[in-house]
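These notes concern the structure reproduced below.
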Amino acid sequence: MITTRFAPSPTGYLHIGGLRTALYSYLWARKNSGRFLLRIEDTDLKRNSAEAAKAIEEAFKWVGLTHDDEVIYQSQRFDLYKKYVTKLLDEGKAYYCYASKEELDTMREAQQAKKERPRYDGRYRDFTGTPPKGVDPVVRIKSPSNTKIEFEDGIKGVVSFNTDDILDDFIIARSDGTPTYNFVVAIDDALMGLSDVIRGDDHLSNTPKQIVVYEALGFDLPKFYHVPMILNPQGKKLSKRDGAMDVMEYKNMGYLPEAVLNFLIRLGWSHGDQEIFSFSEMLELFDPTNINKSASAYNPEKLEWLNAHYIKNSSWERIIEELKFFDLEIHGHDRKELIVDSLRERAKTIKEFADMARTMIETPQSYDQKAYNKFINQEAIEILKKYTAFINDYAEALHLPSGFEKATKQFMEQNSLKMKQLAQPIRIAMVGSAVSPSVYDVLSIVGRADIVIRIEKLINFYEEQNV
RNA sequence: GGCCCGUUCGUCUAGUGGUUAGGACUCUGGCCUCUCACGCCGGCAACAGGGGUUCGAAUCCCCUACGGGUCACCA
């Protein structure tokens, strides 16, 4: 059985890079009918873990990820960790260290002065004397020396470390009794039954320490996969200055969750030349073995393209639903469908979609200067006047774009006009600019009564300008 | 600085000893056209450098350069 986990430290929101490793872990577990667990790494009690967990659950919900079991909070498992500290102490695999901070600092400085690697020198490793008074000891684990620690990473291949290069007897419990990161991670991963640990590249050099803990405690090692980092568009480390770090920001910007997931799965992973992955295809095709070895810069244009793709291919009901988030409620079944179909190939985000829809729904309050200067002149005004009269007197009912097309063509024929002469003035009257969907669609969306109002408004504006 | 990891078009990537080095995004030329988009057809653009191994290397090995990660009583 495959069991994976996502184990963020509580920062208050779900990071975009975090979502990617969560997605990989999720997919790998679900694909294999396994379990995907969530654990909050809140051994540092200063942060608000309840709020952080809530933010993660919210983001998971938005993109459609679900985890099994209850969320595990490390802060609630201190008793458990303490038992393992005691166990190692009893077995002689760990020991109390009474070295003070000052003592350790001077030791470190001396080492650095000699250009040596700063490391704990093991001075209390075999200590049997009387402990110094007034020092709360830390607990250190006995690390192996003069050997190698190797493991097969599912992404990087065999990774090998010389213990003397990287290890010392590191602290597993602080002087206040609280356990440290590398200790609890190993315990929890083992106790939670993880078979596969998929996590960020930045943990690669923690892995040997965790292996020391696994071995001291007699736990089986999981398979590790260290996923390379996501870089900003400039190829540098992602930081808060790069904008959207919080997954929920993407919702605010009008991105669809399926676009975000598709973007993320493809960033550092591939399946041949395929670019578009539905959720079920992700489930079917994902395999952590072909995650790329190197870091990848995220490029906003591709996300945008993906988002546009999903907008184009969403049902109109879905888009109407999404538009509500941007305070846009559209009434009328035909009108909803028409608005969506006229804009779905034009909007890159739902936010843009809402903005464009508003230009058709609401009477323009001003006119785009350039477009107005270019297309609105005495001749255009005369045409618009005639057109208003024509629409007013038109005998048949006018609802659908096809009806407006038929009527407008008749009008053009009667007046020997070409579409080119008519389209832009009408467009400016309807939406205030020279850019919109097909005029027939716009006309149909605006509706017969408002068409007349909007044209008259433009005419009035023109005449006031030219008194 | 030590250790670890990495390096194919600007970006995401395919490629696992023999390819005109493929696709996608971006940019760009054209077609379509009532504008803008969409769509379609085309274009620009890459194996970090140097040594080996081999009949033959983007692919295997070594070195260099560059980038990243990590070295806490943070996680």
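Here is how names work: the chains are called A, B, and so on, in the same order as the sequence lines, proteins then strands, and each is numbered from 1.
When Watson-Crick and G-U wobble pairs are counted only if both distances are under 3.5 Å, B:G1 pairs with B:C71. Of all nucleotides present, only B:U28 satisfies the Watson-Crick or G-U wobble test against B:G42, with each distance under 3.5 Å. The nucleotide B:G6 finds its pairing partner in B:C66, both defining distances of the Watson-Crick or G-U wobble pair being shorter than 3.5 Å. For B:A57, there is no paired base (Watson-Crick or G-U wobble, both distances below 3.5 Å).
Base engagement by A:Arg266 is indicated by at least one non-hydrogen atom pair under 4.0 Å involving a base atom. Across all strands shown, A:Ser436 has heavy atoms under 4.0 Å from base atoms, whether or not it also approaches the sugar-phosphate. Looking at heavy-atom distances under 4.0 Å, A:Pro437 makes contact with a base. Contact annotation for A:Ser433: no contact, since no heavy-atom pair falls under 4.0 Å across all strands. Base engagement by A:Val138 is indicated by at least one non-hydrogen atom pair under 4.0 Å involving a base atom. Using a 4.0 Å heavy-atom criterion, one finds that A:Ser438 contacts the bases of the nucleic acid, with or without backbone contacts as well. No contact: A:Gly200 has no heavy atom under 4.0 Å from any strand. Within the nucleic acid shown, A:Asp153 has no heavy atom closer than 4.0 Å to any nucleic acid atom. Using a 4.0 Å heavy-atom distance criterion, A:Lys115 is classed as making no nucleic acid contact. The residue A:Tyr298 sits apart from the nucleic acid: no heavy atom pair falls under 4.0 Å. Nucleic acid contact class of A:Lys418 (heavy atoms, under 4.0 Å, all strands): none. As judged by a 4.0 angstrom heavy-atom cut-off over every strand, A:Ala297 is placed among residues touching the sugar-phosphate backbone only.
Using modelled atom types, one finds no donor on one side chain facing an acceptor on the other under 3.5 Å when comparing A:Asn206 with A:Tyr181. A:Asn182 and A:Gln210 share a side-chain donor-acceptor pair at under 3.5 Å.
Side-chain atoms of A:Arg427 come within donor-acceptor range of the base of B:C34, with a qualifying N/O pair under 3.5 Å. Side chain A:Ser175 to base B:C73: a donor-acceptor pair is found below 3.5 Å. A donor and an acceptor atom never sit less than 3.5 Å apart when one is taken from the side chain of A:Gln112 and the other from the base of B:G1. For A:Arg346 and B:C38, a side-chain-to-base donor-acceptor distance below 3.5 Å is absent, hydrogens and geometry of angles not being considered. Put simply, the side chain of A:Asp42 and the base of B:A75 share no donor and acceptor less than 3.5 Å apart. For A:Asp201 against B:G69, no side-chain N or O and base N or O form a donor-acceptor pair under 3.5 Å.
Using a 4.0 Å cut-off between a side-chain N of Lys or Arg and a carboxylate O of Asp or Glu, A:Asp169 and A:Arg125 qualify as a salt bridge. For the pair A:Asp79 and A:Lys82, the salt-bridge criterion is not met [side-chain N within less than 4.0 Å of a carboxylate O]. A salt bridge links A:Glu258 and A:Arg318; the closest N-O separation between the charged side-chain nitrogens and carboxylate oxygens is under 4.0 Å. Using a 4.0 Å cut-off between a side-chain N of Lys or Arg and a carboxylate O of Asp or Glu, A:Glu352 and A:Arg346 do not qualify as a salt bridge. In summary, A:Asp121 and A:Arg123 engage in a salt bridge, as defined by a charged side-chain N under 4.0 Å from a carboxylate O.
A donor-acceptor contact shorter than 3.5 Å links the side chain of A:Glu103 to the backbone of A:Ser100.
Of the side-chain N and O atoms in A:Asn292, none sit less than 4.0 angstrom from OP1 or OP2 of B:U8. For B:U33, neither phosphate oxygen OP1 nor OP2 lies less than 4.0 angstrom from any side-chain nitrogen or oxygen of A:Lys420. For A:Ser294 and B:C5, the shortest distance from a side-chain N or O to OP1 or OP2 is not below 4.0 Å. Applying the 4.0 Å criterion to OP1 and OP2 of B:C4, one finds that A:Lys156 has every side-chain N and O outside that range. A:Ser205 has no side-chain polar atom (N or O) that falls below the 4.0 Å cut-off from OP1 or OP2 of B:C71.
Atom name C1', nucleotides B:G22 and B:U8: the rounded distance is 12 Å, in whole Å. A distance of about 16 Å separates the C1' atoms of B:G29 and B:A45, rounded to the whole Å. Atom name P, nucleotides B:C40 and B:U53: the rounded distance is 50 Å, in whole Å.
Nearer the 5' end of RNA chain B, as judged by each residue's closest nucleotide, is the contact made by A:Asp202, out of A:Asp176 and A:Asp202. Of the residues near RNA chain B, A:Val435 and A:Lys348, the one whose nearest nucleotide (by heavy atom distance) lies more toward the 5' end is A:Val435.
In this structure, A:Met107 places its CE atom 13 Å from C1' of B:C71, rounding to the nearest Å. At whole-Å resolution of the value, CD in A:Gln111 and P in B:G1 are 19 Å apart.
Within the 4.5 Å cutoff, the side chain of A:Glu150 has heavy atoms near those of the A:Val158 side chain.
Closest contact between the side chain of A:Phe161 and the listed nucleotides B:C73, B:C4, B:C12 involves B:C4. In the set B:C73, B:C4, B:A75, B:A75 carries the atom at the smallest distance from any side-chain atom of A:Glu41. Distances from the side chain of A:Asp273 to the nucleotides B:G23, B:C73, B:C34 place B:G23 closest. Of the listed nucleotides (B:C34, B:G23, B:C38), B:G23 has the atom at the smallest distance from the side chain of A:Glu275.
Residues A:Phe286 and A:Tyr24 place their aromatic rings such that the two centres sit under 6.0 Å apart. For A:Phe411 and A:Phe390, the ring centers are positioned less than 6.0 Å apart. For A:Tyr367 and A:Phe461, the distance between ring centers is under 6.0 angstrom. Residues A:Phe224 and A:Phe151 place their aromatic rings such that the two centres sit under 6.0 Å apart. A:Trp269 has its ring centre less than 6.0 Å from the ring centre of A:Phe277.
For RNA chain B, none of the residues of residues 398-417 of chain A falls under the heavy-atom distance limit of 4.0 Å. Within residues 299-306 of chain A, the residues having any heavy atom closer than 4.0 Å to RNA chain B are, in order of number, A:Asn299, A:Glu301, A:Lys302, A:Trp305.
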Between the protein and nucleotides 45-48 of chain B, which nitrogen or oxygen pairs are less than 3.5 angstrom apart?
none

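Ring planes of A:Phe78 and A:Tyr81: tilted class, angle from 30 to 60°.
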